[in-house]
Amino acid sequence: MSTPELGLPMAVPAPDLPARVRIYEVGARDGLQNEKATVPTEVKAEFVRRLADSGLTTIEATSFVHPKWVPQLADAEQLFPLVSDLGRSSGVHLPVLVPNERGLDRALALGARHVALFASATESFAKANLNRTVDEALAMFEPVVSRAKADKVHVRGYISMCFGDPWEGPVPIHQVVRVCKALVDMGCDELSLGDTIGVATPGHVQTLLAELNEEGVPTSALGVHFHDTYGQALANTLAALQHGVTTVDASAGGLGGCPYAKSATGNLATEDLVWMLQGLGIDTGVDLARLTATSVWMAERLGRPSPSRTVKALSHKE
């Protein structure tokens, strides 16, 4: 008998935490873009559908980055039409990554209504990932955001290297705040604070969130995106929840890393996050058993076990 059938985890709420958390699922994009082998389009589409069937309502579907840079997601034009009906029939949001106006054109042509941009808090990562300075990248994003908002499209801004950079080391908080404010000022609806190489700790998380509030960026506009390189992702998530954050990025089965930062390991596993949130009595709308089965299914297609501890425990797979 599995632990959920036994009534575990036992729900014991902690004080001053949100009643509900929105999980922003990134496995189909951030997870699969880091795979060495290209996953067939039909498998990606089935992955997205299974994630939706588990109760996830925000699933980042793909990326409209030039195929030269992310060949694993070169099939964006083929994939998106295979899953776009989920938005119409089930109310599932299917955001897509767009790097520039050309990417936005491609996404809008297929009917995407939620897009995301990828900024950097550091010059080194901006050069490696965007081949631009931080300010040049922000200038490139301005017309993308302006056009998207004119078309009533929801815009998310990712900020990478918010807590540490593999080339520059510690990242000053004021540096992160400057980029966040620039994205909010140009019209982004929400921001995702990325711990790209997984070096954040809880105090750092809460201090950054407090500084953003001081500078006029509301907690309601903020999400968090933690990698588990040093085993801190859940602790950092709890720190963010204590501050009032209600959007948490996660990747089914713990898939993903970052192709431009080799020290980055996998994202926070969605199953590990759901287990913790269920134990805290926080609603996610996710069926953990279905989600675990989905990650086991995908792991079989990738030819290796999921790194998620919860997936291993619930599926009895090592």
Side-chain angles (χ1 to χ4, degrees), residues 15-24 26 58 60 93 95 97-100 104 113-123 125-126 129-130 132-165 168 170-196 199-226 236-249 282:
D16 302 320
L17 292 179
R20 182 177 178 87
V21 163
R22 166 193 175 224
I23 297 176
Y24 191 105
V26 300
T58 303
E60 199 164 65
H93 293 155
L97 194 65
V98 298
N100 49 34
L104 180 66
R113 305 307 298 164
H114 293 75
V115 301
L117 307 165
F118 218 98
S120 172
T122 67
E123 296 292 346
F125 190 69
N129 191 40
L130 301 167
R132 286 171 170 79
T133 67
V134 169
D135 286 338
E136 286 170 347
L138 290 172
M140 178 178 68
F141 296 147
E142 283 185 6
V144 179
V145 177
S146 177
R147 286 184 50 205
K149 296 309 298 176
D151 201 22
K152 296 182 171 54
V153 169
H154 184 277
V155 182
R156 163 180 259 220
Y158 281 104
I159 305 93
S160 298
M161 303 297 170
C162 288
F163 300 93
D165 179 284
E168 299 180 18
V171 179
I173 287 175
H174 68 82
Q175 195 169 305
V176 181
V177 171
R178 183 180 81 86
V179 175
C180 290
K181 279 185 57 62
L183 290 170
V184 169
D185 291 345
M186 71 175 69
C188 285
D189 297 287
E190 70 172 307
L191 304 179
S192 174
L193 306 174
D195 183 21
T196 316
V199 295
T201 50
H204 193 170
V205 171
Q206 292 193 325
T207 299
L208 174 57
L209 291 169
E211 287 291 324
L212 284 165
N213 293 163
E214 284 288 324
E215 293 299 323
V217 181
T219 302
S220 59
L222 298 172
V224 289
H225 184 115
F226 295 119
N236 291 331
T237 298
L238 182 57
L241 297 178
Q242 290 169 336
H243 189 85
V245 170
T246 58
T247 295
V248 181
D249 297 5
I282 297 173

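Source: prediction; values computed, not measured.
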The salt bridge (charged side-chain N to carboxylate O under 4.0 Å, His left out) partners of Asp189 (sequence neighbours excluded) come to Lys149
| message | Counting C-beta onward and ignoring hydrogens, is there a side-chain heavy-atom pair between Leu117 and Val144 closer than 4.5 Å? | response | yes
I want to check something: taking the side chain as every heavy atom from C-beta on, are Asn236 and Val224 in contact at a cut-off of under 4.5 Å? no
Taking C-beta and beyond as the side chain, do Val145 and Cys188 meet within less than 4.5 Å on heavy atoms? yes
Taking every heavy atom of Thr247 against every heavy atom of Tyr24, the minimum-distance pair comes out as CG2-CB, 4.3 Å
Below 3.5 Å, can you tabulate the donor-acceptor pairs from side chains in residues 151-159 to any protein atom, sequence neighbours excluded?
residue: Asp151; atom: OD2; partner: Arg113; partner atom: NH1; Å: 3.4
residue: Arg156; atom: NH1; partner: Tyr158; partner atom: OH; Å: 3.4
residue: Arg156; atom: NH1; partner: Asp249; partner atom: OD1; Å: 3.2
residue: Arg156; atom: NH1; partner: Asp249; partner atom: OD2; Å: 2.9
residue: Arg156; atom: NH2; partner: Glu190; partner atom: OE1; Å: 3.4
residue: Arg156; atom: NH2; partner: Asp249; partner atom: OD1; Å: 3.0
residue: Tyr158; atom: OH; partner: Glu60; partner atom: OE1; Å: 3.0
residue: Tyr158; atom: OH; partner: Glu60; partner atom: OE2; Å: 2.9

All heavy atoms of Glu136 vs all of Arg132, minimum pair found to be OE1-CA, 3.5 Å
I'd like to check Cys180 versus Leu193 (side-chain heavy atoms, cut-off strictly below 4.5 Å). Are they in contact?
yes
### Task
Would you check, one step at a time, whether the test side chain to side chain contact (heavy atoms under 4.5 Å, CB included) holds for Thr58 with Ile23?
CA-CA 7 Å; Thr58 303; Ile23 297 176; over 6 Å; no
d(Leu222 CG, Ser192 OG) to nearest 0.5 Å is 9.5 Å
Identify all side-chain donor-acceptor contacts of residues 207-214 below 3.5 Å with residues at least two apart in sequence or on another chain.
residue: Thr207; atom: OG1; partner: Gly203; partner atom: O; Å: 2.9
residue: Asn213; atom: OD1; partner: Thr219; partner atom: OG1; Å: 3.2
residue: Asn213; atom: OD1; partner: His243; partner atom: NE2; Å: 2.7
residue: Asn213; atom: ND2; partner: Val217; partner atom: O; Å: 2.9
residue: Asn213; atom: ND2; partner: Thr219; partner atom: OG1; Å: 3.2

Residues Gly223 and Val245: closest non-hydrogen pair is CA-CG1, 4.3 Å
Taken in chain and number order and not counting sequence neighbours, the residues that satisfy side-chain contact (heavy atoms from CB on, under 4.5 Å) with Glu123 are Thr133, Val134, Glu168
Between Ser120 and Ala126 the two heavy atoms that sit nearest each other are OG-N, 3.5 Å
Residue set satisfying ring-ring contact (aromatic ring centres under 6.0 Å, His included) with Phe163, at least two apart, ordered chain then number -> His204
Tightest non-hydrogen contact, residues Ala119 and Leu183, listed as CB-CD1, 4.0 Å
Lys181 meets the side chain to side chain donor-acceptor pair (under 3.5 Å) criterion, sequence neighbours left out, with none
Considering only heavy atoms from C-beta outward, does the side chain of Leu17 approach that of Gln242 to under 4.5 Å? yes
Taking side chain as C-beta onward, heavy atoms only, is Val248 less than 4.5 Å from Arg22?
no
Interatomic distance, NE2@His225 vs OG@Ser160, rounded to 0.5 Å, equals 8.0 Å
Residue pairs meeting salt bridge (Lys or Arg N to Asp or Glu O under 4.0 Å), one or both in residues 170-180, sequence neighbours left out, come to Asp135-Arg178
Residue set satisfying side-chain contact (heavy atoms from CB on, under 4.5 Å) with Pro218, at least two apart, ordered chain then number -> Ser220, Ala221
Nearest heavy-atom contact between Val205 and Ala200 is CG2-CB, 4.2 Å
Side-chain contact test, heavy atoms from C-beta onward, threshold under 4.5 Å: evaluate it for Pro99 versus Leu130 and give yes or no.
no
The side-chain contact (heavy atoms from CB on, under 4.5 Å) partners of Pro172 (sequence neighbours excluded) come to His174, Gln175
Hits for side-chain contact (heavy atoms from CB on, under 4.5 Å) against Pro18, two or more places apart or cross-chain, chain-then-number order -> Val21, Leu241, Thr246
